[in-house]
Amino acid sequence: MKICGVQARMVAPAALVAVLAAAGCGGSGGSGSATNERPTIRWGVATEGITSMDPVRAVQPVDRTLSMMLFDGLVRYQPGNATAPFEPGIAKEIPQAATQDGKQVWTIALRTGVKCPAGQKTPAYDLTSDDVVFSLKRAADPDKSTFASVFTAYDTVEAVDAGTVKVTMKQPVSPAAFLPTISNWQGGLVVCKKAVEAEGEDFGKHPVGPGPFKFESWTPGQRIKLLANDDYYLGKPLSAGWDIRFMPDDTARQAALFGGDLDVAPPTATGDKGLEVIDSRKGFKVVQAPLFGTWYLLFNAKVGPTAKPEVRKALAYAVNRADYVASAGQRTAKPTLSVWGAQLPGGIPDSHVQQAGLAYDFDVAKARQMLAAAGYPNGFDVTVTAPSNVTFFQILQAQMKEIGVNVKIKTVDLPTWQSAIMTGQEPLMLTLISYRPTPQIPYTDFFYGPSAVRGGKHPAQNFGGYDGADALIEKASQSSDSEEQARLWQEINDKILEDAAAKPLFMSYQAYGAVCGFTMGGVEPPTAIPGNWQPSYKATVDARANDC
Amino acid sequence: MRRLNPLLVIGGLIIAFLVLVALFPTLFTSQDPARQDVAAQLEPPSAEHWLGRDQFGRDIYARLIYGTQVSMVIGVSSVLLGMAVGVPIGMIAGYFRGKTERVIMWIVDVKMAFPGLVLALLFVALFGQSTWNITLAIVIGIIPVFARLAHGPALAFREREFVKSSIVFGARAPWILYKHIWPNLRSEMVVIASMTAAVTIRIEAGLSFLGLGLPPPTATWGGMLRDGTTYLQTDPLFSLVPGLAIFVAALGFNLLGDGLRDALDPRTANS
């Protein structure tokens, strides 16, 4: 506990209280003291709390992470590489589609020996098709699930016997569209039916699932504790569990990590500088956790000067990706040319975009010339709303000034910005689209006419009102042939870029500071992760590793 | 001959220097404060960029120089405006007494209960971020300060013989306020104005620090301070420099105020 004292004196009084309280100084011993016992992984998260651990209601990043640790899917993403083919999870093998009575049917055989651990109201029991059917129906029910729209192609879900589940589709879909719906991600996560029935509304606070870890306790504003599920069907977890601490104060969290009270935590400062601080510290390393999301410059395709495609193209040439990458940091931002990059499942490689001549490489002279040809030889003035925590808007402002486009920035808080872009009137938007299991979802939500926030039939997140790829997007959604669908996805990508509905800027990666011995237990280093954090049952901390 | 007051000299020199910087920024730097070079972000100080570069690769020294304009313009003009409105209000209340006084002083008291920064925050959030709005937001906060300080002496002077005799001779109220009461308040108000400028500069910096100052890319000390806090551990100079500038400007006005008080107060001026 000497370290606690030293650290405490180095931070400001307000932060000190937080460090002492949250880091448990003087309290229970950490992983360092364990030699033969399995370690408990102490993870500091940068939020004040969570919404729910129930997979169908888990919307915040930490919610999702927890749901993936507590529950499991019929098929699984390979830990650390979401672009690799799915692995069997609760299902014995990856299901194949068949046709019965003119309808597409997916028959899923379950693995034996999958256990539902004991909850506060229910004893442990063997998971059966009953639980799986219950979970999928629940996830598809718009009254109970946030992710019901993912399951609209489902017709019926039935238990054939205790070890087999049959899903009948309304219309045929491709494996690339079906498998994510039964994966260990959002609504695909299988819950324990008896516990859901026993807990009712409180299931999100007392979750019970067949995942590698089981819920122990939640102290709002302080911590969540998970224990290893030693009956986990893939193997006994290498750690004894997780101690997840809510530490929104950056300084306190970093001090707790360096003081030995945490094993892993997000860094204080963004960008390469913040990571250097961690790298240069003996005993600590940076964990790169791909893929938080893709940053775009979105244009308004319906209102103002950018309604003209020629203007959008001119602006796209005036935007230098390298500046955004430099600002975010080379280690946590990688430039991307395609709308949905190849680091994501179903993504399009940059080489294709380059060959198709749709990269919009930075060229001010060309931009000026195109803007003049589009009828704006002297540029124009626009007012852009920007959330106070996103500094990229100032880079955009400086870049636009070079071609005579004067951007006036109106800085607001995040909720105000969100309601501003929902009006569909914002001329230019810098925004992030986070991980989705297939490109079909972002295409439909962000670039499909009926999803337009202004005048769309089913308003979603199409903030710019673009509708140039509607026919292709519809065709791709109905395709049941994986190869054809992949080809259509590429065509949609090309069409969006051709019309300059958006300029893809970069993919952002999350990075964490961790003790040398920490591992997430997947592909090292991870290449693609749904969400940004996915420890497997092999996640652990080796207390002996203090040099890295 | 009177010995020059050292406080007055130091404060005066600081403020004179800041005014010079604000009026002629190009004398002090040839760099464009808005010019970005993101690839060179957070570069340490060099011969070309004396204080290094910020998170967009902009020259911190140039931003410091141009930031002086914002601080001085908003700081000084809000004090002048506050004084121009507050002093007459206070004098009127003190001179006329009765219902006028009760209403005015009641409003002033209510306003005094509000912290200036909170009121300014509300005002700017409602009406938008421009030089005029920010100045106005600060002015509203400091009017009561001047009104209160003008009220007391006005109360006392209205009972004095020279005022009473003016009334007998048929002088009207505006003339009396301007010719008899104001000259007696003037020196004290100048002192208070200087002291208040130190406050208004801090309020402007506070607004900018909270993201409610002038919109980007305008350089402001408060905005620089805010940007720098993200990099406090890795680049302390980034936030230290604007912090120091705010400190020096506030100190300058305070010293000037102290010095003026000593120089203008007949009890201390000759000692």
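Per chain, numbering begins at 1; letters A, B, ... match sequence-line order. Note that this is a predicted model, so its numbers are computed, not measured.
Rounded to the nearest 0.5 Å, atoms CG (A/L275) and OG1 (B/T234) are 11.0 Å apart. Atoms OG1 and CG, on A/T411 and B/L210 in that order, are 12.5 Å from each other to the nearest 0.5 Å. A distance of 8.0 Å separates OG1 of A/T391 from CG of B/D227, quoted to the nearest 0.5 Å.
Around CD of A/E48, the count of heavy atoms belonging to other residues, nucleotides or ligands within 6.0 Å does not exceed 12. Within 6.0 Å of NZ on B/K111 lie more than 12 heavy atoms contributed by other residues, nucleotides or ligands.
A donor-acceptor contact shorter than 3.5 Å links the side chain of A/Q397 to the backbone of B/P216.
Contacts of B/L232 with chain A are absent, with no heavy-atom separation under 4.5 Å from either backbone or side chain. For B/D235, the part lying near chain A is the side chain, with the backbone staying farther off; criterion is any non-hydrogen pair under 4.5 Å.
With contacts defined as side-chain heavy-atom distances shorter than 4.5 Å, the pair A/Q394/B/Q36 qualifies.
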